[in-house]
Undergrad: 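Take this structure first; my questions come after.
Atoms within a ligand are numbered from 1 in the order they appear, just like the ligands themselves. The first residue of the sequence shown is numbered 1, and numbering continues consecutively from there.
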Amino acid sequence: MERLRLAIQKKGRLNEKSIELIKKCGIKINSSGNILSTSSENFPIDVLFLRDDDIPGYIADGVADIGIVGQNEIDEHGANVKIIENLGFAKCRLSIAVPRDTTYRNINDLQGKTIATSYPNILQAYLDKNNLNAEIHTISGSVEIAPAIGLTDAICDLVSTGSTLLFNGLIEVEEIYTSAAVLAATPFLTENKQRIVDKFMQRISSVKHANAYKYILLNAPNKKIKDIIKILPGIKSPTVMPLAIDGWSSIHTVIPEDAFWEKINELKQYGAEGILVTPIEKIIE
Ligand code: ATP
Ligand code: MG
């Protein structure tokens with residue numbers, strides 16, 4: 001039977017979450033040590049462990065069928081791949097930053113400046129869009145150090161919390177692009193491989209769906225059950241079970257994580273006690 005080749009990052013910010021997603025999908029893989037590829041024993045997938053920069057190219061060429069990589073790497077390489085799912089982790093932005101003591105009023109202050117980056121194509125597109133001329137120095141790592149060593153006036157780099165910039169005496173002045181991890185596929189999938197991708201996607205969507213919800217259990221006085229059910233939209237409807245103490249019941253339901261805190265306060269107002277909130281592994285619809 002045909003097997004699907006899935007490329008993930010070997011080491012770095014995407015690695016752990018990629019492996020976690022594969023495992024949560026019930027796909028067993030050996031992710032230990034320094035291996036470069038591995039075959040799942042219970043799903044027709046082989047995993048390749050690669051540098052993230054190489055993943056878009058391998059998918060575009062069909063060497064890998066699908067891959068988990070930052071949207072930024074796909075756009076930077078202009079890779080001919082299909083984005084089939086936004087995975088929502090590894091969120092970051094590509095920003096221009098300047099040394100803290102630079103006078104910076106607006107984007108026009110970048111005119112004629114030098115900027116170090118690992119993302120010359122995305123940066124050039126941004127400069128063009130804003131009719132700016134700036135000289136781009138492409139470097140592959142440690143971009144934040146460029147102004148301090150006198151290489152450039154500014155940098156353009158990925159930021160998530162901003163602490164690395166702060167640590168290097170830089171301030172973020174323009175956010176030019178946002179990114180997160182995506183699942184991308186080659187345009188050359190055979191029908192058989194497409195079928196495996198569909199199966200994998202079905203599992204991913206049940207994991208993603210489950211992540212967005214919480215399972216909640218609480219005890220409530222019977223006379224308040226109606227009010228409580230009104231504010232608890234269950235997947236179908238909440239389960240209500242009598243407790244051993246007279247006049248009290250236990251209510252179980254599933255609610256979106258987003259609505260969580262707001263609901264908790266309302267629930268307490270109705271006399272809910274012993275509220276338990278637990279993660280859900282999968283929701284199959
Ligand atoms: P590799 O050795 O695989 O080339 P790398 O050093 O290029 O690794 P990482 O720093 O591990 O890459 O980042 C991988 C991806 O994680 C980035 O391309 C981006 O999509 C995402 N990311 C999320 N937050 C950040 C951040 N603060 N800095 C850099 N990348 C981030
Ligand atoms: Mg890289």
Side-chain angles (χ1 to χ4, degrees), residues 5-22 29 31-38 46-61 63-64 66-98 100 115-126 136-148 152 154-185 204 208 211:
R5 281 184 153 182
L6 163 65
I8 65 170
Q9 191 190 28
K10 179 169 165 46
K11 216 169 89 189
R13 293 174 200 262
L14 298 167
N15 170 268
E16 210 172 286
K17 283 277 172 67
S18 303
I19 292 172
E20 184 186 304
L21 177 66
I22 296 168
I29 54 161
S31 54
S32 60
N34 231 355
I35 47 170
L36 300 176
S37 73
T38 186
D46 297 332
V47 181
L48 309 179
F49 297 89
L50 302 168
R51 290 273 321 259
D52 73 339
D53 317 54
D54 298 332
I55 293 177
Y58 279 141
I59 300 172
D61 294 344
V63 173
I66 56 171
I68 298 175
V69 69
Q71 174 84 48
N72 52 299
E73 290 297 334
I74 293 174
D75 289 341
E76 179 59 25
H77 292 90
N80 178 24
V81 302
K82 284 191 294 185
I83 308 250
I84 53 177
E85 183 83 34
N86 293 314
L87 298 174
F89 59 85
K91 287 202 174 96
C92 57
R93 53 194 189 271
L94 192 58
S95 289
I96 296 176
V98 297
R100 207 176 346 191
I115 310 175
T117 190
S118 307
Y119 294 91
N121 294 322
I122 299 176
L123 176 57
Q124 189 63 61
Y126 175 80
I136 300 177
H137 282 253
T138 304
I139 50 180
S140 58
S142 304
V143 171
E144 317 78 31
I145 207 174
T152 58
I155 67 153
C156 173
D157 202 10
L158 292 172
V159 185
S160 46
T161 59
S163 59
T164 310
L165 292 182
L166 207 67
F167 184 77
N168 286 286
L170 298 165
I171 52 165
E172 196 175 346
V173 291
E174 304 290 342
E175 176 182 314
I176 74 167
Y177 176 90
T178 56
S179 178
V182 297
L183 185 70
I204 289 178
K208 272 181 73 178
N211 284 343

Undergrad: Write out the residue and atom name of the closest protein heavy atom to atom 20 (O) of ligand 1, then the distance separating them to 0.1 Å.
TA: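 Answer, as residue, atom name and distance: N72 OD1, 2.6 Å.
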Undergrad: Tell me if the CD atom of E175 is crowded by more than 12 foreign heavy atoms within 6.0 Å.
TA: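 Check passes, neighbour count above 12.
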Undergrad: E73 and Y119: which non-hydrogen atoms are nearest, and at how many Å?
TA: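 Here E73 and Y119 meet closest at OE2-OH, 2.8 Å.
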Undergrad: If you look at every heavy atom in F49 and I35, which pair is closest and at what distance?
TA: CD1-O, 3.6 Å
Undergrad: Nearest to atom 22 (N) of ligand 1, what protein heavy atom do you find, and at what distance?
TA: C92 SG, 3.5 Å
Undergrad: I need the nearest protein heavy-atom contact for atom 10 (O) of ligand 1: residue, atom name and distance, please.
TA: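 Result: R13 NE, 3.3 Å.
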Undergrad: Heavy atom under 4.0 Å from ligand 1: found in Q71's side chain, backbone, both, or neither?
TA: neither
Undergrad: Only heavy atoms of G12, strictly under 4.0 Å: list the atoms of ligand 1 that pass.
TA: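 Under 4.0 Å from G12, ligand 1 has these atoms: 11 (O).
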Undergrad: Are there protein heavy-atom neighbours of atom 6 (O) of ligand 1 below 4.0 Å?
TA: no
Undergrad: For the Mg ion (ligand 2), what is the closest N, O or S atom on D52?
TA: OD1
Undergrad: Does only the side chain of D52 get under 4.0 Å from ligand 1, or the backbone, or both, or neither? Count heavy atoms.
TA: both
Undergrad: Quick one: which ligand 1 atoms are inside 4.0 Å of a heavy atom on A90?
TA: 23 (C)
Undergrad: Please work out whether any backbone atom (N, CA, C, O) or any side-chain heavy atom from C-beta onward of V159 is under 4.0 Å from ligand 1, and answer side chain, backbone, both or neither.
TA: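 Near ligand 1, V159 shows its backbone, while the atoms from C-beta on stay back.
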Undergrad: If you have a sec, work out which protein heavy atom is nearest atom 27 (N) of ligand 1 and how many Å separate them, to one decimal?
TA: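 For atom 27 (N) of ligand 1, the nearest protein heavy atom is S160 OG, 2.8 Å.
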Undergrad: Please write down residue, atom name and distance for the protein heavy atom closest to atom 1 (P) of ligand 1.
TA: R51 NE, 3.2 Å
Undergrad: Would you mind running through ligand 1 and noting each atom that sits below 4.0 Å from a heavy atom of G70?
TA: 20 (O)
Undergrad: What residue and heavy atom of the protein are closest to atom 9 (P) of ligand 1, and at what distance?
TA: Q9 NE2, 3.8 Å
Undergrad: Specify which N/O/S atom of D53 comes nearest to the Mg ion (ligand 2), by atom name.
TA: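 Within D53, restricted to N, O or S, the Mg ion (ligand 2) is closest to atom OD1.
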Undergrad: Tell me the nearest of D54, L158, T164 to atom 30 (N) of ligand 1, using heavy-atom distances.
TA: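 Comparing heavy atoms across D54, L158, T164, the nearest one to atom 30 (N) of ligand 1 lies in L158.
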Undergrad: Under 4.0 Å from a heavy atom of K11: give me the atoms of ligand 1 that qualify, with their elements.
TA: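 The list of qualifying atoms is 3 (O).
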Undergrad: Around K10, counting heavy atoms of other residues, nucleotides and ligands shown, do more than 12 lie under 6.0 Å from its NZ?
TA: yes
Undergrad: Any N or O of S179 that comes nearer than 3.5 Å to an N or O of ligand 1?
TA: no
Undergrad: Please report the closest heavy-atom contact between S179 and N72, naming both atoms and the distance.
TA: OG-OD1, 2.9 Å
Undergrad: Would you name the heavy atoms of V69 and L14 that are closest together and state the gap between them?
TA: CA-CD1, 4.0 Å
